[in-house]
Amino acid sequence: MKSDSVKNGIGQAPARSLFNALGYTEEERKRPLIGIVCSYNEIVPGHMNLDKIAEAVKIGVAMAGGTPIMFPAIAVCDGIAMGHIGMKYSLVTRDLIADSTECMAKAHGFDGLVMIPNCDKNVPGLLMAAARVNVPTIFVSGGPMLAGHLHGKKRSLSSMFEAVGAYSAGTMSLEEVTEYEEKVCPTCGSCSGMYTANSMNCLTEAIGMGLRGNGTIPAVYSARIRLAKHAGMQIMDLVEKNIRPRDIMTKRAFMNAMAMDMALGCSTNTMLHLPAIAHEAGVEIDMEVANEVSARTPNLCHLAPAGPTYMEDLDEAGGIYAVMNELDKKGLLDLDVMTCTGKTMRENIKGCVNKNPEVIRPIENPYMPIGGIAVLKGNIAPDTGIVKRSAVVPEMMVHEGPARVFDCEEDAIKAILGGKIVAGDVVVIRYEGPKGGPGMREMLNPTSAIAGMGLGSSVALITDGRFSGASRGASIGHVSPEAAVGGPIALIEEGDIISIDIPANALNVKVSDEVLAERRKNWKPRTPEITDGYLYRYASLVTSGNRGAILELPKA
């Protein structure tokens, strides 16, 4: 066993004395040591139940003959961090989580790992760590929040952000906003739409690193506790068979995840996380492949914010395996890949049928014949721009309008809430990329303000930052290269006409190459606002959004 290095032989007598200090018996030491990586905390609603999940996992591990040993991982609540400096610290935690988990796993010689994440950067960070450490590993998330209920309709966190815009527009009273505050987030769990956390938990299942229901069983259901016990038991089978993350997270598995991404209509943040996870697994994913996958993969789900259904509805309809069976009808997945069950995906999904064609459209009757995410290119985004096509209203699929240019999110918010943005405008928010932010802030506040003020079908937004999975509308993020490194988005001027053509995967400013070249001569890099601490180190190492914002040492 890998853990022999920390518990066997005369040289490890000091280590055994420390195990004694921890209260572990000789019998426990002789069993495989299983690290339980739990991101429980008391600031993230999606994580407040993870202590219960961890206890269930530990029971499962012990039942199957292992010794569970828990250690923590951090997590930021994007909703609480949104709209201020805190959002600069969200994406950057993905790498802190991966690094700290690697340190703990390698330092203590665990034979296997059970990862217990739930929210936005926690899931990809732990998947990155799993690929890097590469000992038998299984995931069990904390599960999604139940939808809120107001006046006979289901609601979620995106409704709350849009309520702020509606209040600013004078279409909602303060009393109504307060009622939203009380009711849109009624339980613990990751927020109830197909936002980033739920997207990544569902894709963890699709990749093969989580058991059935990992992405969809609500946090407050007892089935989630049973799932955690089964995950604890299953890690022992993976240890015995030595099935490791890189045996599961292959190029074929990532292509399955990409196809499922398109079918589910996941958050655009998946276009950052999938390449970063794949990179750790030794698999390189070029974002060019996203449009190829999208072209052949129909969009089958319109969960909030794209539509009126929520994670609990997807779970009742059959969950991720039911969606996979729909895609398999046209041979759109490679189902002979290994998974954490020790079986192939084909064996896993057998008999898992679609129980609600209103939630999971049959493949013969999709919402769209193509996938939910599109990669755009053009003279604004020579590398990439990413849009959640499934959450864009038809009238905004093709749009031209004057640029309203802002060099930070705060200035854009002031203009939007101040009524200075009008129908037809294209809001440009730049210097918010991985380096320029630093940290590539999410733009849920401006997109929600636009929607809440009734401009969602007439105003577009483009940024070198990124969007929450709760964003909807013609919101184009991840524009690469970013402004901070001289990307063309830095050259756009107030009033320039922006052309967006999502069906043609095009994003351009209607300015000649000659004029852009002249502007470039006058462009100068901005002086960094942050010159110390973790954000400064992050900015010096982070790559472009089109590469997944992975960290890379500067070239000599």
Side-chain angles (χ1 to χ4, degrees), residues 156 158-159 161-162 165 193-196 199 261-272 287 290-291 293-295 297-309 361 366-378 380-381 384-401 403-404 412 416 421-429 442-479 497-508 545:
S156 62
S158 53
S159 308
F161 277 90
E162 290 178 16
M194 188 54 82
Y195 309 148
T196 306
S199 294
D261 197 331
M262 300 302 172
L264 290 166
C266 290
S267 163
T268 52
N269 280 317
T270 60
M271 295 293 104
L272 280 176
M287 281 296 94
N291 284 340
V293 175
S294 180
T297 310
N299 176 230
L300 305 182
C301 299
H302 264 194
L303 285 86
T309 54
R361 286 280 186 93
Y367 281 103
M368 297 188 299
I370 53 178
I373 290 178
V375 178
L376 311 186
K377 287 195 170 189
I380 294 176
T384 59
I386 306 290
V387 64
K388 187 171 181 174
R389 175 167 42 201
S390 60
V392 179
V393 294
E395 53 267 41
M396 289 299 290
M397 286 290 187
V398 178
H399 179 76
E400 285 193 2
R404 306 299 309 279
I416 295 166
I421 303 300
V422 300
D425 285 348
V426 178
V427 176
V428 177
I429 305 178
E442 287 184 341
M443 302 292 156
L444 180 56
N445 274 354
T447 58
S448 298
I450 287 169
M453 296 184 78
L455 297 171
S457 60
S458 60
V459 170
L461 193 155
I462 68 172
T463 180
D464 52 7
R466 59 196 178 90
F467 294 106
S468 164
S471 292
R472 61 187 176 99
S475 305
I476 302 164
H478 306 201
V479 169
I497 300 301
I498 305 291
S499 172
I500 300 167
D501 190 337
I502 295 173
N505 300 316
L507 177 63
N508 290 286

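Note that the structure is a prediction, hence the values are computed from the model and not measured.
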Non-hydrogen atoms of [X] and [Y] that approach each other most closely:
X	Y	answer
Ala403	Ile498	CB-CG1, 3.9 Å
Leu461	Phe467	CD2-CZ, 3.3 Å
Ala460	Met396	N-CE, 3.7 Å
Leu300	Pro366	CD2-CB, 3.8 Å
Cys266	Ile373	O-CD1, 3.6 Å
Thr447	Ser471	OG1-OG, 2.9 Å

Under a 4.5 Å cut-off applied to non-hydrogen side-chain atoms, are [X] and [Y] in contact?
X	Y	result
Leu507	Lys377	no
Arg389	Ile370	yes
Asp464	His478	no
Met194	His302	no
Arg404	Val426	no
Val459	Val427	yes
Pro305	Lys388	yes
Val398	Ile502	no

Exercise for the section: Among Leu376, Asn269, Val375, find the one that has a side-chain contact (heavy atoms from CB on, under 4.5 Å) with Ile386. Expected result: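 With Ile386 as partner, Leu376, Asn269, Val375 yield a single side-chain contact (heavy atoms from CB on, under 4.5 Å), made by Val375.
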Problem - Of Thr297, Thr270, Asn299, Asn291, the residue whose pairing with Met262 passes side-chain contact (heavy atoms from CB on, under 4.5 Å) - result: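 Single side-chain contact (heavy atoms from CB on, under 4.5 Å) partner of Met262 among Thr297, Thr270, Asn299, Asn291: Thr297.
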Testing the 3.5 Å rule here: is there a donor-acceptor pair between the side chains of [X] and [Y]?
X	Y	answer
Ser199	Ser267	no
Ser158	Tyr195	yes
Asn508	Ser499	no
Arg472	Ser448	no

Handout entry: Test log, rule side chain to side chain contact (heavy atoms under 4.5 Å, CB included), inputs Thr268 and Val387
Key = CA-CA 6 Å; Thr268 52; Val387 64; 5.6 Å; no
Handout entry: Atom pair OG (Ser294) and CG (Asn505), whose distance is rounded to the nearest 0.5 Å
Key = 7.5 Å
Problem - Interatomic distance, Ile416 atom CD1 to Ile429 atom CD1 [nearest 0.5 angstrom] - result: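 One gets 6.0 Å once the value is rounded to the nearest 0.5 Å.
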Problem - Donor-acceptor contact below 3.5 Å, side chain Ser468 vs main chain Leu444 - result: no
Exercise for the section: Kindly determine whether Thr463 and Val428 satisfy side chain to side chain contact (heavy atoms under 4.5 Å, CB included), including the steps that lead there. Expected result: CA-CA 6 Å; Thr463 180; Val428 177; over 6 Å; no
Practice task
Step by step, work out the side chain to side chain contact (heavy atoms under 4.5 Å, CB included) result for Arg466 and Met443.
Solution key: CA-CA 6 Å; Arg466 59 196 178 90; Met443 302 292 156; over 6 Å; no
